Amino acid sequence: MANKLIPDDLITTISDFKKETEGFVNISGKEYALVSTKVAVLRRNLGAKLKINTEIVSVDNDRVVVKATGMIGDQVIATGHAEEKRNANFINKQSALENCETSAVGRMCSF
């Protein structure tokens, strides 16, 4: 019997994710799921039940910090934070906030 605090469809989602074979990238010899893959599995299993909220924690000329929160109903199921430095790479020079938000959502999905 599933823990009453964890909805059955969330447990099903975790099991479903473990079966995924596509949407991964190898970084330094380790396989990582793309954020799009993580979100696709969540949406396939949870649909609109899952709310994903993001908030800018801090932003300045040097860095951006974003927090992502995943909720089912009024229950927080996971949070994720990310920090991006604007001068870290070419993408961040143009899109640090967007990159940071995507990273925060990816971390939230992983938790």
Side-chain angles (χ1 to χ4, degrees):
M1 184 167 141
N3 181 334
K4 295 236 183 231
L5 298 176
I6 302 172
D8 288 341
D9 49 6
L10 184 57
I11 293 169
T12 301
T13 302
I14 294 166
S15 296
D16 189 31
F17 182 75
K18 291 177 181 178
K19 297 174 189 171
E20 279 296 310
T21 59
E22 296 180 15
F24 291 81
V25 63
N26 188 297
I27 301 174
S28 301
K30 187 173 179 185
E31 292 291 315
Y32 289 92
L34 299 171
V35 175
S36 59
T37 301
K38 294 175 185 182
V39 171
V41 171
L42 286 168
R43 289 294 181 214
R44 180 171 62 228
N45 286 278
L46 301 172
K49 286 191 229 178
L50 175 69
K51 293 184 271 184
I52 299 174
N53 298 317
T54 60
E55 70 178 270
I56 299 169
V57 175
S58 67
V59 60
D60 60 33
N61 290 335
D62 298 319
R63 69 184 187 105
V64 178
V65 178
V66 173
K67 176 183 178 183
T69 303
M71 299 178 68
I72 297 176
D74 60 357
Q75 183 178 356
V76 173
I77 58 166
T79 60
H81 289 81
E83 175 184 30
E84 295 289 343
K85 295 183 179 171
R86 293 186 183 276
N87 65 356
N89 55 47
F90 177 76
I91 293 171
N92 278 7
K93 287 181 183 177
Q94 298 296 316
S95 304
L97 178 58
E98 295 89 334
N99 195 26
C100 192
E101 183 178 42
T102 300
S103 295
V105 169
R107 292 183 57 76
M108 181 277 301
C109 291
S110 293
F111 293 138

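Because the structure is a prediction, the values reported are computed rather than measured.
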**Request:** Each residue besides Val57 in its hydrophobic cluster should be listed here, by chain and number; the cluster joins Ile, Leu, Val, Met, Phe, Trp and Tyr at side-chain heavy-atom distances under 4.5 Å.
**Result:** Val65

**Message:** Quick check for you: to the nearest 0.5 Å, what is the distance between Arg107 atom CZ and Thr102 atom OG1?
**Reply:** 14.0 Å

**Message:** One pair to check against side-chain contact (heavy atoms from CB on, under 4.5 Å): Thr69 and Met108. What are the steps and the verdict?
**Reply:** CA-CA 7 Å; Thr69 303; Met108 181 277 301; 5.8 Å; no

**Asked** Members other than Leu97 in its cluster, when Ile, Leu, Val, Met, Phe, Trp, Tyr link by side-chain heavy atoms under 4.5 Å?
**Response** Ile56, Val59, Val64, Val66

**Item:** Pairwise distance CG(Asn89) to CG(Asn92) - rounded to 0.5 angstrom
**Value:** 4.0 Å

**Request:** Look only at the side chain of Asn99 and the backbone of Ser95, and say whether a donor-acceptor pair between them is shorter than 3.5 Å.
**Result:** no

**Message:** Checking the side chain of Lys67 only, and the main-chain atoms of His81 only, is there a donor and an acceptor separated by less than 3.5 Å?
**Reply:** no

**Message:** Under 4.5 Å side-chain heavy-atom separation, chaining through any Ile, Leu, Val, Met, Phe, Trp or Tyr, what else clusters with Val76? Say none if it is isolated.
**Reply:** Met71

**Message:** Quick one, Ile77 and Leu50 - any side-chain contact, counting heavy atoms below 4.5 Å?
**Reply:** yes

**Asked** Do any N or O atoms from the side chain of Arg44 and from the backbone of Thr13 form a donor-acceptor pair under 3.5 angstrom?
**Response** no

**Asked** Considering residues, nucleotides and ligands other than Arg86, do more than 12 of their heavy atoms fall under 6.0 Å from its CZ?
**Response** yes

**Prompt:** Would Leu34 and Glu22 count as a side-chain contact (heavy atoms from CB on, under 4.5 Å) if you check the C-alpha gap in whole Å, the side-chain angles of each, and the deciding distance to 0.1 Å?
**Reply:** CA-CA 9 Å; Leu34 299 171; Glu22 296 180 15; over 6 Å; no

Which pairs of donor and acceptor atoms, one on a side chain in residues 23-33, lie under 3.5 Å apart (sequence neighbours left out)?
unit_1 : atom_1 : unit_2 : atom_2 : d
Asn26  : OD1    : Gly29  : N      : 2.9
Asn26  : ND2    : Glu31  : OE2    : 3.0

**Atom pair CZ/NZ of Arg43 and Lys49 - distance to nearest 0.5 Å** = 12.0 Å

**Request:** Test side chain to side chain donor-acceptor pair (under 3.5 Å) on Asn45 and Asp16 and set out the steps.
**Result:** CA-CA 8 Å; Asn45 286 278; Asp16 189 31; 2.8 Å; yes

**Where Lys38 and Ser110 come nearest, the two heavy atoms and their spacing** = NZ-OG, 2.6 Å

**Asked** What do you reckon, is CD1 of Ile91 surrounded by more than 12 foreign heavy atoms closer than 6.0 Å?
**Response** no

**Message:** Could you work out, with salt bridge (charged side-chain N to carboxylate O under 4.0 Å, His left out) as the rule, every residue matching Lys85, not counting sequence neighbours?
**Reply:** none

**Item:** Gap between atom CG of Asn87 and atom CG of Asp62 - 0.5 Å precision
**Value:** 7.0 Å

**Asked** What are the two closest non-hydrogen atoms of Ala82 and Ser103, and how far apart are they?
**Response** CB-CB, 3.6 Å

**Asked** Do Val35 and Cys109 have side-chain heavy atoms sitting under 4.5 Å apart?
**Response** no

**Residues which pass salt bridge (charged side-chain N to carboxylate O under 4.0 Å, His left out) with Glu83, listed by chain and number, not counting sequence neighbours** = Arg63

